[in-house]
Structure formats: C-alpha cells, structure tokens
Chemist: 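After the structure tokens below, expect a handful of questions from me.
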Amino acid sequence: MEILFLLIPIAIILVMIIIAVFAWAIKTRQFDDLERHGHDILMDEDSKKEP
Amino acid sequence: MCCAGCQAVAQTIVENGLTDYYHYRDPRSAKKPQDIIPGIMNKNIIYDRPTIRSRYVNSASDGIDEITLMLEGLTCVACAWLIERQLNTQAGIISIEVNFTRMIAVLKWNQDQIPLSKILTIIREIGYVATPYEPRIQYKQQLVQRSQQIRRIGITAVLAMQVMIISVALYYGHYTGMDDMWKQFFQKLGLLFTLPIIFYSAQGFFKSSFYQLRSFQPGMDVPVCLGLSLAFLASIWTLITVNGEVYYDSIAMFVLLLLVARYFMHSSILAASHSIERLAANTPLWALRLKEHSISAMSETVTAEELCAGDWVRVLQGNVIPADGIVTSGSSSVNQAMISGESRPVEVGKGDKVLAGSVNNDNPLVIKVTACGQNTVYCAIEKMTRQGLTQQAGDLPLIDMIARWFVTGVLAVASGVAIYWWHTAPEQWLATTVAVLVVSCPCALSLSVPCAYAAATSKLIDNGLMLTDAQSIERLNKITHVIFDKTGTLTSETLRIDNVKTFDDSTKLQALRLAASLEINSDHPLAKAFLQANKQSLYQTADWRYHTAKGISAKVNSKEYFIGSVKFIQSNTGIQIDADKYDFSVLLADRNSVLAGFEYKQDLRNGVYELIDYFKAGDKAVLMLTGDTPSAAYNIAKELAIEDVYSECKPEDKLGIVKTLQDENDASILMIGDGINDSPVLAAADVSIAVAGASPLAVCGADIVMAQPGLESIITLDRISKKTSKIIHQNITWAVAYNLMAIPFAACGMITPLFAAIGMSLSSIIVVMNAQRLRAAF
C-alpha cells in the first residue's frame, strides 16, 4: 500500500498539468469557435504570403 | 449556389439519394447572401475617416490596427477558409481570423500599406459583405462570462473526478474495514481537491448569494451556498475531531452539476444573442456633404456625425437621409415609415422638412441640415427607448419566491433537528444536521428553472424566435393586452395591386401588361407591385422618362402612354379628369383619354388573421397603435376586426397610452412592433416582440426578436411559453416534494451520505429529463 505515497503525488502533479493546459487553451481562445477548426485539416494551406 | 463547389456537392447529395440532408440541416444557415447594396463600394471609404476609425479600430503603437468585422453571406466553413486565404495573400495584412460560429472576423493590418476600405472591397469581391462593428456591451459581457464558465466547468470536472475516486476508496474502506491512518489520508486528500472547488469554482454562487442577502432578497443561490458551506465545514470538523463523515463528493458533484446547468442555459441565450447582434448593429450613416452652398458644388463623403447645422447635403435616390433638414433643391417622395409610422411615401419639395432616418425614394435631393447627431428626432426617440429599458420593473421570478420560502423552511427544520439531537444524543447532532442540509440541498430545485429555460430557448430558436430576456417567457403568460403597430408589423413592406378598372374596351390583363411595361425601369415599391401582378411578357418601350411629380411616360409601339397620379396625368396630357369617375390612386392614360385606373394596398403579413383570432380566443384585448392617418388605420383595423385603434400617434403618444394602461388598468402588455417609432414602447411594455425586418433600435428595445416574416410563429411562442411554465411548475413541485420527503428520514438519522448523493442525482436527472420534453413538443 505504501506505493500510494508515490502514486498520489504523481496524480496531483498530473491534475495540475491538465488544469494548466486547459487554462492555456482557453486563454488562446481555442474554445471560441468549435465548428470551424475541425475542418481546417481538409483545407489546403498555401504559403502564407508572397515573398 | 455560391460556387461551383457547392453545386457539385448539391448534385452529389441528390444523385446519391441523400436529400435527407436538406431536411435536417439548419434552414437559417441556408439564407441567401444579401443583394449588393447600391454604392457599397463608395460607402467603404468612410471607414478610412478618422472619426469612424476611432470608433471601431484598436490602434497599437507599432502601426498595427485591429478591428472586428461582421460577416454576411457565410454559408459553410469553406467560406471562412476562402476569406482567410484571399486576404492572407495581400500585402499589409498581418492576420485574419474568421470565427464561423459568431460569423465575425478579427483582422489585424497595417493601414499605411493597405487601407481598410480596400480590404472591405476585396471581401466584397469574393461575394461576402463585411462591416466593421462594435459589439453591444451586454454581448461582450456574455462572451466573457462564457469563457469563464468553460474554464470553471473544465477545472471542476477534473477535480471532481479526483474527489470521486477518493470517495470510492473511502466507501470501499467503509465496508471492508480500513486503517484509520489510510482513512484520514484519503480524507485529507479529498480536502486538497475540494478546496479549489469551494474557493474557485463555487465563487460565483457565493458572490451572488452575498448580493442577494445584502439586498434582503435571498434567491436560489443562498440555499446552494448554505448547503455547500455546511457540508464543507462539517467535513473540516470531521478532520479535526477524527470522527464522522466527509461530504467532499457531494460538494464536487453538486457544484459541477450546477455549473453545467447554468452553462447550458447561458449558451442557448448566447446563440440567440449571435443573431440579435447582427440585427442590432448600427452601421454608421454617411452623407455627401457639398463643399459650397450651391447645388452644383462638389461633394465629399463624410459620416453623419461630422455634419453641422447649416451644411448642405446631397441625398441620392434610395439613400437614407442623414440628418433632419429642409429641402433646398429637388423634389421627391420620402419614406418615413420607420420614423413616423406613416405608410405612404410623403411628397417633398423645396422648403419641406425631412427627418433623419427616412429614405429618399425617387430623385436626388439637396437638403440644408437643421439638426444633426444628438438633436435629431431619431436620437430623441433613442433616448426614450433607453429610459424605458432602464425603468423596466423587475418582476420577482417565481423560482426566487419559492427559494425564499424554502430557505427559511430548511433553516428552521435544520435548527430544530440540531436542538433535538443536541439534547438526546449530543455525539450525533452534527452528522444529522448536515445530513438534513445535504439532503435538502435544492439541487433539483436549482436546476428546475434553468433547464426549462434552456430547452425553451433552443426550441424558440428552431422556430425563428430569438430571446434576449429568458424571463419574458414567464411574463408572457400574464399578458392581458396585445398591442400591434400597423405599418411594417401587421402590414408587410410590399404593395399589391388590389383593384383594376378599365375605361376603354381593353381587358384588365391588357391594362396591367401595359402598366408593368411602363414601370419596369422604376425602383418605386409600386413598380414591383405592377410587375408582380402582371404575368405576361412585357412590351418594348422607347423614350422612357421618369417625371418628378410621380409619374412615368414612355412610348409603346410609337404611341405615348402615361402612368401616375391624377395630378400627373392632368398636367402632362391636358385631359380634364372627373375626380368622382376616376377615383383611383394610379391612372394609365394616352394623350387623349384615361385607359385604366389602379388601386393598390399594402399586403398583410402572413398569419395576421390567425394570430389575432388566437389572442381574441384567449380573452386578450387587442389594440392597434399607429402613426399613420386615421383612414389608413381604420381600413386595416376593419379588415382585421380590431376595435381599439389609435391613429396619428407620435412615439411619445404611444408610450403614454401604454403607460396609462399599465398604471390605471393594471394591464400587462405585449407589444409587437418594428419601427424606430415603436422602440420606446417596446422597451416599456411588459413583453415586446420585434418582427422580422425591424429597425436596429426596435431590436434593442425588444425581449423577443423574430427571424421569419410570418406572424404565426407568435402563436407557437405563446404555446411554448405556456408549456414552459407548466414544466417549470412540475419541476418545482417534484423538487420540493422530493426534498420534503427526504428531510424527515434525514432528521431521524436514517440517511447515509451515499444515499443522499444518489437521491440528489436521481431527482436532478428527473428534472432535466422533464425539461427535455419541451424540445419534443410542437
């Protein structure tokens, strides 16, 4: 059972990482438009600007 | 079809027998792009002017400007991609990001390299209309709230999962026997994960219940917070005394459920807001200001705000008059329907007054500005609307009234239980009291109303009705008076040829064919009516001429014909017209005699009869308030069997009538309108509906905005609101009954936390499912 003293801190660290990633995703407005970006992979991405 | 790609897609769909797609897709998204507004290219230039730029553009110090554009004509995700790709090839564009859900784009660019007007024109050229816009403050707040809610839900969900894992361990240990050391370890761990839930996730509930308590109006959030804090404090007490139960799982699930319920309610209202945002957006008025005070002077494009009293302005045919003024040159007819409610165009000539916001129908005019900006009639009406909106009395919603009683009741019972157990079995008093509070935690009660509102709102969106104020559904059931505006609300924009009489031996159809041939080049609404009435091919015309005094002349088969008002025919042909015999609004004549007479009338909107019958059957008083002339008003009223008619009302008169009804007769008023002149009344009425095509100001003042032109959806609205109110009552009854049933058991100490949690979830699920019945109805 003592293994829990190792596993639980790992779980806590994972939770903190998940929350940090989630907060970052919201901050960069990735939840603003849930319809659009699923289609991005289907669209050709041309070179952004002519030199 | 917007492009070859779409056509190929449509063909594939039909060929493969997948036409069900057309049944299930959202018909609102299939709206055709709007017709090109004449002069839209020139109009873009005003967005380069500093006064306008300061309103819409955020300028950073490094020369990069940022603006939000409202896009029209987006039909699918590919459109968003097309716009981004097209603009990204232009020099000077830093970035463009199209948000398809909101149909807006955030653009960053360098004004020195590429002016905004050029960008707008590029978007226009690939088939979309982009207009700079500034979101309403209300809408901005809703968006901020939304991202806050998503963050709270996400974080709470992650934490709640951990808490539940720990709880399962504790429950398991409860039955198998667990070391006290491990038990305490898991309890402390639970506390660690619950702390952020209490202090971060549930922050909103604590804040709002604090405000509710401070104003002595305890609402739903007060019992929620009370339950949360007592469960939390009891768990802490367990930790200190090393004896008893912890309630972290109940806290976590409770907060998560509540947050999700509020998010759903909020996002259905936000969906309605997206659409309302486009209707309420006010594009700036622009004007052609003459550089000198003479009719032939050069003109420059300026915004309406830059005009001063005394300026001379040219108003082209079909344009909106930018300021109140006096005509100095030209004669035309102007449509003031939005401002005054007068349905027929008003003839104006030199020296006549014109109002900002009305539309110039026929010929270019030069006007001398007498009032502009804040002093125009339009702005006076706008001010009245604002006042109405702020003064709107906040009726206490049903749920808050129940919550108030419920809170008091639960508190009384809990203190009773605490005192009883304190005297009989002191070691159990805390556990039992907390059990009572957890079991009576009105989870189902607090979900009952938001769920029903969310289901109703999305059902209404399906029916083309957008809600700005969710509680107006509840108010709609108490309506006693229904007030209609006439022009634009009961009647539609289009005119219809109603009566044709010929005075020679030709048939009515021949007369219509000739009239339509003459009218083909005209923009006047009447011309459209003729073209619609005529089903035959048109004649070739020659020497077509538009006369300023409302009339047209042209040659058909080298014979000259005239069409127009009696006055026009008289002055151009010299025929003496007997007013009794030729009592028609429009006459058709050749050089020698009158050939035919036409009478036109305004079409009624679809579903008007059904709607009025429906309200009358429901014992509501039906009234009509209009700015139009008595004769026009009574004609329509007679046709629709409306007895109470007030005509020639100014906006303040309409407001006065409504206020009197509300104050003296204790009436609850539903106002249905469209024009600028209706907006103060819309804001003051108990419930207000702006019909499709309403002016932006009217949309701002209304509780419900219609997306489709037919009025029959108001019947659906009333039915949905009745059903919603029924479901809310059922939900509340169930939730209260469940809590009342559970409390006695908890008070006797018979309910373990596990059963309390199961019961709470079950009762909540029942409430949510019941609300979903709204979506299936109708």
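So that the names make sense, note that chain A is the first sequence line, chain B the second, and so on, each numbered from 1. When reading the values below, keep in mind they use all heavy atoms of this one structure, side chains included, and skip hydrogens, waters and symmetry mates.
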Chemist: Out of B/Glu97, B/Glu84, B/Gln162, B/Met161, return the one with the most heavy atom pairs under 4.5 angstrom to chain A.
Modeler: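 Winner by heavy-atom pair count: B/Glu84.
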
Chemist: Step through the shown structure and confirm whether more than 12 heavy atoms of other residues, nucleotides or ligands are within 6.0 Å of CD on B/Gln149.
Modeler: yes

Chemist: Tell me, for B/Leu159 versus chain A, whether the close heavy atoms (under 4.5 Å) come from the side chain, the backbone, both or neither.
Modeler: side chain

Chemist: Taking heavy atoms only and a threshold strictly under 4.5 Å, list by residue number the residues of residues 22-31 of chain A that touch chain B; give 'none' if the list is empty.
Modeler: A/Phe22, A/Ile26, A/Phe31

Chemist: Side chain from CB out, backbone as N, CA, C, O: work out which of these in B/Leu192 comes under 4.5 Å of a heavy atom of chain A, or both, or neither.
Modeler: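 Answer is side chain: those atoms of B/Leu192 sit under 4.5 Å from chain A.
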
Chemist: Evaluate whether atom OH of B/Tyr172 has more than 12 neighbouring non-hydrogen atoms of other residues, nucleotides or ligands under 6.0 angstrom away.
Modeler: no

Chemist: Working to the nearest 0.5 Å, report the span between CD1 of B/Ile166 and CD1 of A/Ile8.
Modeler: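 B/Ile166 CD1 to A/Ile8 CD1: 7.0 Å, rounded to 0.5 Å.
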
Chemist: Roughly how far, to the nearest 0.5 Å, is the CG atom of A/Leu4 from the CH2 atom of B/Trp182?
Modeler: 4.5 Å

